[in-house]
K.L.:
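Okay, here's the structure, questions in a sec.
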Amino acid sequence: MTAFKFSKLTFWRVVVTIIFAAGLYATLVRFAQGLGASTNLSDPFPWGLWVGLNTLCGVGLSAGGFAIAAAVYILGLERYRPVLRAAVLTAFLGYISVVVGLLFELGLPWRIWHPILLWNRRSVLFEVAWCLMLYTTVLALEFSPAVFERLRWHRLRDWHARWHRRILIPLVLVGVLLSSLHQSLLGGLYLITKGKLYPLWYSSQLPAFFFLSAIAAGLALVVMALYLCARSLRFRLDFAILHEVSRVIVLLLIFYALFRGLDLISRGSWEYLWKSRAETGWFWLEISLFLILPLVLLSAQRVRGSVLGLYWSCALVVMGFMANRLNVAVNALQASAGAYYFPKWTEMAISLAVITAAVVAFYYAALHLEIFPRRVPPPPPEAEWRWVAAFGLPQHQRGTLR
Amino acid sequence: MKTQAKAILVDITRCIGCHSCERACKQVHNLPEESEPVLSGTALTVVQESQGRFVRRLCMHCQDPACASACPVGALQKTSLGPVIYAADRCIGCRYCMLACPFQVPRYEWDHLAPYVKKCNMCAERIARGETPVCVEACPVGATQFGDRAEILAEARRRIDENSTYVPRIYGAEEVGGTSVFFLSDVPFEKLGFVTPPSEQPMPILTSTALSDIPTVVVAGTALLAALYWITQRRQEVALAEAQESQPLARSQELVSGWQKKGVKS
């Protein structure tokens with residue numbers, strides 16, 4: 001046993017502490033004074049930042065988990081196995097953050113369990129609630145080996161390993177279905193806002209758009225998480241994996257761009273592309289971040305071939321994705337609501353604190369659990385340059401985690 | 001007595017702006033008495049002045065309400081007598097009903113620590129007893145009337161036919177598949193601030209098509225994933241067999257030990 005030591009005061013520790021302190025205070029305001037005092041939500045604008053950022057982005061950016069799980073277990077693409085646990089962990093933490101966010105968002109959070117007993121099969125939100133409950137459970141089970149294998153109670157550990165092996169494939173299969181439904185149904189939530197949601201975003205194809213964009217952004221977030229972990233935790237990661245994931249992202253983005261463009265034309269909404277309105281600006285910001293910039297960047301060999309280039313392209317995809325969800329949840333509803341909405345600082349503080357908590361949890365999980373493979377097979381000689389290109393670490397430092 | 005669907009008719013040409021309906025509503029629902037300019041958690045109906053006319057706002061009580069289809073826990077229900085009612089004990093406070101309503105009617109008790117949705121319930125408990133809603137009873141000039149939905153609609157048509165000053169449109173008869181509250185006016189409805197709903201189809205149709213796809217997606221998705229998994233497994237088996245033929249021991253042991261780690265049956 002080592003003696004307790006105070007952690008070193010680093011820049012990021014200070015930032016995280018400030019975010020948590022602000023979040024804690026905002027939490028007090030939220031639960032002591034209610035939604036009116038802690039948000040700028042109003043009768044014409046009942047859904048705001050929490051729905052846009054915590055729910056829509058939180059679920060969407062978790063899509064990497066089911067995509068990589070399907071690649072490894074269903075398609076047998078073994079080369080993705082080294083990043084599997086990291087992807088499942090981002091998804092699991094993403095979903096937990098969504099549930100926590102809901103406790104702030106709901107007016108009566110102690111009734112969050114109501115959809116289990118009180119059903120309305122006609123409601124999209126009802127189906128969304130069930131997908132959220134079931135898929136969070138699936139993710140917990142998918143991730144459980146990382147926790148159970150660390151246990152010292154051998155019998156429990158072995159019992160868990162035995163059961164997990166039996167249910168793993170059905171579990172992954174159910175998970176892929178549930179999360180696909182969940183992603184698309186979040187878009188489906190906005191189908192009923194016809195006449196309210198600005199025509200650049202409203203489409204009967206919203207579920208498909210939400211599904212496609214979530215996979216692209218979820219994979220982009222996995223690339224970001226892998227790069228950041230590889231950098232700060234110094235474990236070895238084959239750059240080829242990131243490169244291949246980025247190719248999948250590019251394909252998804254091209255498909256999404258074509259689909260969305262054709263949809264705009266077929267609905268006759270293309271004329272809205274040039275109107276001098278605030279929505280036009282939001283739309284082009286979203287499109288540049290999510291589609292134009294990443295596609296241009298990733299088409300350049302120099303960007304594609306460098307880890308930093310990949311990282312920033314993926315960061316743009318994630319930012320563009322968030323712009324899209326915030327546009328749907330906030331900006332595209334502003335005009336029809338006839339009310340201006342800009343989140344209160346308490347809303348922002350709580351959103352930020354929940355996201356930061358997920359990031360911190362990821363960091364500590366990566367430190368203490370086996371998220372990344374400790375023993376990586378030695379890279380073939382011709383790929384040797386990749387390690388250097390990737391992290392520029394000298395040979396003796398390119399060790400394993402811990 | 002036959003239980004027929006009821007409806008309310010508001011004739012804007014007759015309203016004198018006395019706010020009696022507001023006061024009666026607040027009294028019967030135990031709400032603070034002062035008059036409010038817009039609908040709120042404490043004002044379930046209001047009379048607004050617009051274009052020199054007095055326009056009452058209240059829940060439209062749609063025949064197939066968006067709010068009732070949106071609510072995940074079924075707290076909002078359309079009753080056979082006409083009113084769309086709210087079961088506060090089911091509500092979780094998600095406010096999706098507010099987003100879904102094409103008329104922007106449901107309000108929220110933003111300042112409460114246990115906030116609920118507030119909207120006109122057409123005095124459902126009075127209607128069930130065979131009485132009329134209090135706002136109708138309170139109106140001194142008969143601007144708001146109440147009766148069987150079919151008769152009320154016929155009455156509205158009769159007024160339009162007999163008097164050419166009316167706009168030839170019964171607001172609520174066609175909108176979102178029909179409502180249980182109708183308006184008559186001599187000024188175009190758009191000018192009075194009435195929203196034009198997206199279609200004459202009930203709003204829930206917008207989501208029901210997406211929801212009806214779910215079983216197909218689940219069945220087709222399961223079949224596809226299972227097929228892909230089977231192919232993957234089969235290819236691994238074939239690879240193992242081939243390896244055993246060409247390199248009887250070394251190669252196959254390597255493969256088997258590799259797969260045992262992953263939990264694949266050899």
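Bear in mind the structure is a predicted one, so any value in this text is a computation, not a measurement. Every heavy atom of this structure was used, including side-chain atoms; hydrogens, water molecules and symmetry mates were not.
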K.L.:
Which atoms form the tightest heavy-atom contact between A:N120 and B:A68, and what is the distance?
P.N.:
ND2-O, 3.0 Å

K.L.:
Checking heavy atoms, do the side chain of A:S42, its backbone, both or neither come under 4.5 Å from chain B?
P.N.:
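A:S42 touches chain B through backbone heavy atoms alone.
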
K.L.:
Looking only at heavy atoms, what is the nearest atom pair of A:I192 and B:A100, with distance?
P.N.:
CG2-CB, 3.6 Å

K.L.:
Looking at B:P106, B:C91, B:A114, B:G74, which has the largest count of heavy-atom pairs under 4.5 Å with chain A?
P.N.:
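Heavy-atom pair counts peak at B:C91.
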
K.L.:
With only heavy atoms counted, which part of B:L228 is less than 4.5 Å from chain A, the side chain, the backbone, both or neither?
P.N.:
both

K.L.:
Tell me, out of B:G221, B:P197, B:A70, who's got the most heavy-atom pairs with chain A below 4.5 Å.
P.N.:
B:A70

K.L.:
Please report the shortest heavy-atom distance between B:D89 and A:H114, naming the atom on each side.
P.N.:
O-CE1, 3.3 Å

K.L.:
Considering only heavy atoms, which portion of B:S208 lies under 4.5 Å from any heavy atom of chain A: side chain, backbone, both, or neither?
P.N.:
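Neither part; nothing is under 4.5 Å.
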
K.L.:
Based on non-hydrogen pairs under 4.5 Å, which of B:V217, B:T222, B:V218 is most in contact with chain A?
P.N.:
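Answer, by heavy-atom pair count under 4.5 Å with chain A: B:T222.
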
K.L.:
Indicate the atoms forming the closest heavy-atom contact of B:Q104 with A:P44, along with that distance.
P.N.:
OE1-CB, 4.2 Å

K.L.:
Given a strict heavy-atom distance threshold of 4.5 Å, which part of A:L206 is in contact with chain B: side chain, backbone, both, or neither?
P.N.:
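Neither part.
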
K.L.:
Does atom CZ (A:R121) have a neighbourhood of more than 12 heavy atoms from anything else shown, all under 6.0 Å?
P.N.:
no

K.L.:
In terms of heavy-atom proximity below 4.5 Å to chain B, should A:L77 be classed as side chain, backbone, both, or neither?
P.N.:
neither

K.L.:
With a 3.5 Å distance limit and no angle check, can you tell me whether B:Y96 reaches the backbone of A:L189 through a side-chain donor-acceptor pair?
P.N.:
yes

K.L.:
Using a strict cut-off of less than 4.0 Å between a Lys/Arg side-chain nitrogen and an Asp/Glu carboxylate oxygen, indicate whether A:D43 and B:R95 qualify as a salt bridge.
P.N.:
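Judged by the 4.0 Å cut-off on N to carboxylate O distance, A:D43 and B:R95 do not form a salt bridge.
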
K.L.:
Below 4.5 Å from any heavy atom of chain B, which atoms of A:W47 appear? Answer side chain, backbone, both or neither.
P.N.:
side chain

K.L.:
Check whether A:A32 gets within reach of chain B through its side chain, its backbone, both or neither, counting any heavy atom under 4.5 Å.
P.N.:
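When you check distances to chain B, only backbone atoms of A:A32 fall under 4.5 Å.
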
K.L.:
Heavy-atom distances under 4.5 Å only: say whether B:A88 touches chain A with side chain, backbone, both or neither.
P.N.:
backbone

K.L.:
Can you measure from SG (A:C131) to CD1 (B:I214) and round to the nearest 0.5 angstrom?
P.N.:
7.0 Å

K.L.:
Please check if atom CD in B:E190 has more than 12 non-hydrogen atoms from other residues, nucleotides or ligands closer than 6.0 Å.
P.N.:
yes

K.L.:
I would like to know whether A:F31 and B:L113 meet side-chain contact (heavy atoms from CB on, under 4.5 Å); could you show each step before the answer?
P.N.:
CA-CA 7 Å; A:F31 289 106; B:L113 282 180; over 6 Å; no

K.L.:
Between CG of A:L102 and CD1 of B:I92, what distance do you get to the nearest 0.5 Å?
P.N.:
8.0 Å

K.L.:
Most heavy-atom pairs under 4.5 angstrom with chain B, which of A:G188, A:G195, A:S180, A:A337?
P.N.:
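If we count pairs closer than 4.5 Å to chain B, A:A337 comes out on top.
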
K.L.:
Indicate the atoms forming the closest heavy-atom contact of A:I74 with B:L225, along with that distance.
P.N.:
CG2-O, 3.5 Å

K.L.:
Would you say the side chain of B:D64 lies within less than 4.5 Å of the side chain of A:R122, judging by non-hydrogen atoms?
P.N.:
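Yes. Closest side-chain heavy atoms under 4.5 Å.
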
K.L.:
Does any heavy atom of chain B fall under 4.5 Å from the side chain of A:L41, the backbone, both, or neither of them?
P.N.:
both

K.L.:
Roughly how far, to the nearest 0.5 Å, is the CD atom of A:Q33 from the NE2 atom of B:H112?
P.N.:
14.0 Å

K.L.:
Please assess B:L211 against A:L185 for the test side-chain contact (heavy atoms from CB on, under 4.5 Å), listing each intermediate value before the final yes or no.
P.N.:
CA-CA 8 Å; B:L211 288 177; A:L185 285 175; 4.1 Å; yes

K.L.:
Looking at A:R30, A:E127, A:K196, which makes the most heavy-atom pairs under 4.5 Å with chain B?
P.N.:
A:K196

K.L.:
What part of A:L181 lies closer than 4.5 angstrom to a heavy atom of chain B: side chain, backbone, both or neither?
P.N.:
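Contact with chain B is through the side chain of A:L181 alone.
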
K.L.:
Would you say B:L99 and A:T193 make side-chain contact, with heavy atoms under 4.5 Å?
P.N.:
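Answer yes - side chains close enough.
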
K.L.:
Decide if atom CH2 of A:W110 counts as having more than 12 heavy atoms of other residues, nucleotides or ligands within a radius under 6.0 Å.
P.N.:
yes

K.L.:
Quick check on A:E105 against chain B: is it the side chain, the backbone, both or neither that has a heavy atom closer than 4.5 Å?
P.N.:
both

K.L.:
Between A:K194 and B:P198, which heavy-atom pair has the shortest distance, and what is it?
P.N.:
O-CG, 3.3 Å

K.L.:
Based on non-hydrogen pairs under 4.5 Å, which of A:V172, A:I112, A:L75, A:L117 is most in contact with chain B?
P.N.:
A:L75

K.L.:
Given heavy-atom pairs under 4.5 angstrom as the criterion, report whether the side chain, backbone, both or neither of A:W113 touches chain B.
P.N.:
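It is neither, since no heavy atom gets under 4.5 Å.
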
K.L.:
Could you check which of A:S38, A:P46, A:A129, A:G36 has the highest count of heavy-atom pairs closer than 4.5 Å to chain B?
P.N.:
A:P46

K.L.:
In sequence, state the C-alpha distance, the side-chain angles, and the governing distance for A:L125 and B:C94, and then conclude on side-chain contact (heavy atoms from CB on, under 4.5 Å).
P.N.:
CA-CA 9 Å; A:L125 194 55; B:C94 69; 3.5 Å; yes

K.L.:
Does a side-chain heavy-atom distance below 4.5 Å link B:V73 with A:F126?
P.N.:
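B:V73 does not reach A:F126 side chain to side chain.
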
K.L.:
Does the side chain of A:Y73 come within less than 4.5 Å of B:T232's, by heavy atoms?
P.N.:
no

K.L.:
Using 0.5 Å steps for rounding, measure from the CG atom of B:L206 to the OH atom of A:Y190.
P.N.:
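Interatomic distance, B:L206 CG to A:Y190 OH, rounded to 0.5 Å: 15.0 Å.
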
K.L.:
Which bit of A:S336 comes within less than 4.5 Å of chain B, counting heavy atoms only: side chain, backbone, both or neither?
P.N.:
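Backbone only.
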
K.L.:
So which part of B:S199 gets closer than 4.5 Å to some heavy atom of chain A, the side chain, the backbone, both or neither?
P.N.:
neither

K.L.:
Could you check if a side-chain atom of B:P72 sits within less than 4.5 angstrom of a side-chain atom of A:S123, using non-hydrogen atoms only?
P.N.:
yes

K.L.:
Mind ranking B:A210, B:C101, B:S212 by heavy-atom pairs under 4.5 Å with chain A and telling me who comes out on top?
P.N.:
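With the most close heavy-atom pairs to chain A, the winner is B:C101.
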
